[in-house]
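Position 1 is the first residue of the sequence; numbering continues from there. Keep in mind the model is a prediction, meaning the values are calculated, not measured.
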Amino acid sequence: MGIELTGLHFRSKISLKAPNIAFPINEADSALIRASLVTEETTLECIGTVIAKSGCWSFLKGGFVLSSPSKLSTLSLQSSSDREIKVEIASASLQSFTEQQWRLNQDTKINQERKRAVTIHVADRHGIKLQGASIKVEQVLKDFPFGSAIANTIIGNSPYQKWFTKRFNTAVFENELKWDATEPEQGQTNYTIPDQMLEFIRSNQITARGHNIFWENFNTTPKWVRNLTNPNLQSAVDSRIQSLMNKYKEEFIHWDVNNEMLHYDFYEQRLGPNATLRIFEAVHRADPLTTLFMNEFNVIETCSDVNSTVDAYVSRMRELEIGGVFMDGIGLQGHFNLPNLPLMRGVLDKLATLGLPIWLTEVDISNKFSPETQAIYLEEVLREGFSHPAVTGIMLWSALRQGGCYQMCLTDSGFNNLPTGDAVDKLLKEWETENLKGETDEHGSYSFFGFLGEYKITTKYGTNTIESTFSLSRGVETKHFNIQM
């Protein structure tokens, strides 16, 4: 089935919204429906997907970017099913945006979700309002977790540590907590490196994510584990959980429990279909205060990967929830080639309906692009993530290790910013409240609009000076703060 569209404009972002899709109940139980677009100059193979179920309406949301004019385009919906099925469509809509309109929408959301109005009231001990009191406002900590992966190269490396702590409030260890790093040979567990990295974390009041306990990919599983069969494999899995959780209980705010389990199934093949369920249950029992995450690639990056469509992600989470799994976080890696921001927003919107915190856990841009192009795309992705209300943290996958970085570095080996580092610094500066100075008005008040976080207020009136602190958390009402001189 094809839908013809006319009048798509140059450099437009198109949001594909709410086509309700259904097929008769006597057809297949469900089918993956993929939307694609063909113009005179380009073919976009996937601009949105939905797993449509028979006998009910299913919701597809996606989008695409056109960088050249198109007078006539064809939007097609294809099924992954081998059988021919009849599809019904209702309430289909397309909405176009210029780049300027898209950016304005992002900025509006940032102002609504990441900032809040504040009014400071100054009075004397008798409650008399003080006009003309000098006010200095300084944001000392940011509320939004924004960070990067680090590697063991940060240990004892003052330039690396200084560069990192100047920018980030959150970290994740790139490889140092993975099973093959902490137990390369059976029974030879060594946590020396992650312990040293945690010393750096603690001494600088940085929050850390735990990555990862298990990885379903056969090729990244320790070689000695690959050769185990049940019950020896189950015993090794139990030992890994007990060792890691006992060592680092309550150290990490999150754990990526069973990495990339939409794409791989090593443990479920060897230990049965309930292996993941038992793993999550055991981790929760060992550290009940940490948030447990799924962590997957190609969910927001593209919709061409049939293993990790947004509906496949939701379906897997619901399966585990029905089984009794305590999982409270959505991890989206974010290894991007050419970003499709309308698709990214559509996926985030759909995942947001689950009501769980969403983290972009491993954001980078492919090194097939020039450093300058990487920086442009990185800024686009970070703006889209930061502006989305359901995104509660962003991590870059830019650990600087010997030999470089996975796909994207922020600095050279001398910790001089690359274009990507400049892009990050630009956004960090934009997403903080600049130091403010002013005086209270005739009502004894001083107001400002600030990013969420911790603030230091210095108030002077006559010969008296008072320093105060307060936290600015998310809320729709104005935050009122009283100072008595």
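- Of the possible polar contacts, none joining the Glu174 side chain to the Ile150 backbone as a donor-acceptor pair under 3.5 Å is found.
- Nearest heavy-atom pair, Ile33 versus Ala52, reported as atom, atom and distance to 0.1 Å: CG1-CB, 3.9 Å.
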Using atom types as modelled, flag every donor-acceptor pair under 3.5 Å from a side chain in residues 456-472 to any protein atom, sequence neighbours excluded.
residue	atom	partner	partner atom	Å
Ser471	OG	Glu454	OE1	2.8
Ser471	OG	Glu454	OE2	2.6

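- Contact of the Phe386 side chain with the Ile110 side chain is registered, since non-hydrogen atoms from C-beta on lie closer than 4.5 Å.
- Evaluation of the side chain to side chain contact (heavy atoms under 4.5 Å, CB included) rule for Lys178 yields Asn175, Asp180, His211, Asn212, Trp215 as partners, not counting sequence neighbours.
- In this structure Asp305 satisfies the salt bridge (Lys or Arg N to Asp or Glu O under 4.0 Å) test with no other residue, sequence neighbours excluded.
- Tyr313 has its side chain within reach of Met294: a pair of non-hydrogen atoms, C-beta onward, lies under 4.5 Å apart.
- Summarising the geometry of Cys303 relative to Gly48, their closest heavy-atom pair is SG-N, 3.2 Å, with the distance given to 0.1 Å.
- Between the side chain of Arg209 and the main chain of Ile253, no donor-acceptor pair closer than 3.5 Å is present.
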Task: Arg383 and Glu430: CA distance, side-chain angles, deciding distance, salt bridge (Lys or Arg N to Asp or Glu O under 4.0 Å) verdict - done: CA-CA 11 Å; Arg383 283 191 186 280; Glu430 183 178 323; 2.7 Å; yes
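- More than 12 non-hydrogen atoms from other residues, nucleotides or ligands lie less than 6.0 angstrom from CD of Gln131.
- In this structure Phe448 satisfies the ring-ring contact (aromatic ring centres under 6.0 Å, His included) test together with Tyr455, sequence neighbours excluded.
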Task: From CA spacing to verdict: salt bridge (Lys or Arg N to Asp or Glu O under 4.0 Å), Arg103, Glu99 - done: CA-CA 6 Å; Arg103 175 67 180 274; Glu99 286 189 340; over 6 Å; no
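- A salt bridge links Glu251 to Arg202: at least one charged side-chain nitrogen sits closer than 4.0 Å to a carboxylate oxygen.
- No side-chain N or O of Thr478 forms a donor-acceptor pair with one of Thr119 less than 3.5 Å apart.
- Between His254 and Trp359, the angle of the ring planes goes over 60°, which puts this pair in the perpendicular group of the 30/60° scheme.
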Which pairs would a plain distance check flag for residues 317-333, meaning a side-chain donor or acceptor within less than 3.5 Å of a matching protein atom at least two apart in sequence or in another chain?
residue	atom	partner	partner atom	Å
Glu319	OE1	Arg316	NH1	3.3
Gln333	OE1	His335	NE2	3.4
Gln333	NE2	Glu260	OE2	3.1

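- There is no side-chain donor-acceptor pair under 3.5 Å between Arg345 and Ser387.
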Open item on the list: Working note: Thr182 + Arg240, criterion side chain to side chain donor-acceptor pair (under 3.5 Å); need CA distance, chi angles, decisive distance, verdict.
Closed with: CA-CA 10 Å; Thr182 61; Arg240 161 70 171 170; 2.8 Å; yes
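- For CD of Gln205, the number of neighbouring non-hydrogen atoms (other residues, nucleotides, ligands) closer than 6.0 Å is 12 at most.
- Surrounding NZ of Lys109 are more than 12 heavy atoms belonging to other residues, nucleotides or ligands, all under 6.0 Å away.
- Listed for the Ser203 side chain is a donor-acceptor partner under 3.5 Å among the backbone atoms of Phe200.
- For the pair Pro342/Val65, a side-chain contact is recorded, criterion being any heavy-atom separation below 4.5 Å from C-beta on.
- Residues Trp431 and Phe144 keep their aromatic ring centres 6.0 Å or farther apart.
- The backbone N or O of Ile193 lies less than 3.5 Å from no partner atom in the side chain of Asn152, so there is not a single donor-acceptor pair.
- Thr165 and Asn204 share no donor-acceptor pair across their side chains, judged by distance under 3.5 Å alone.
- Residues passing the side chain to side chain donor-acceptor pair (under 3.5 Å) test with Glu113, sequence neighbours excluded: none.
- When all heavy atoms are compared, the tightest approach of Asn295 to Thr361 is OD1-OG1, 2.6 Å.
- By the 4.5 Å heavy-atom criterion applied to side chains, Thr220 and Tyr264 are not counted as neighbours.
- In this structure, the side chain of Thr290 does not engage the main chain of Asp287 through any donor-acceptor pair within 3.5 Å.
- A distance below 6.0 Å separates the ring centres of Tyr248 and Tyr191.
- When the shell of 6.0 Å around NZ of Lys115 is examined, it contains more than 12 heavy atoms from other residues, nucleotides or ligands.
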Open item on the list: Assess the residue pair Tyr377 and Phe369 against the criterion (ring-ring contact (aromatic ring centres under 6.0 Å, His included)); give the C-alpha distance rounded to whole Å, side-chain angles, the decisive distance to 0.1 Å, and a yes or no.
Closed with: CA-CA 10 Å; Tyr377 291 160; Phe369 300 110; 5.1 Å; yes
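- No donor-acceptor pair under 3.5 Å is formed between the side chain of Ser308 and the backbone N or O of Leu262.
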Task: Derivation of the salt bridge (Lys or Arg N to Asp or Glu O under 4.0 Å) call for Arg474 and Asp143 - done: CA-CA 9 Å; Arg474 182 176 285 190; Asp143 176 75; over 6 Å; no
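- Looking at Thr440, its side chain does come within 3.5 Å of a backbone N or O of Leu130 through a donor-acceptor pair.
- For the residue pair Asn340 and Phe64, the shortest heavy atom distance occurs at OD1-CA, 3.7 Å.
- Of all non-hydrogen atoms in Ala208 and Ile201, the two that sit nearest each other are CB-CG2, 4.2 Å.
- The minimum heavy-atom distance linking Trp163 with Arg167 is given by the pair O-NH1, 3.0 Å.
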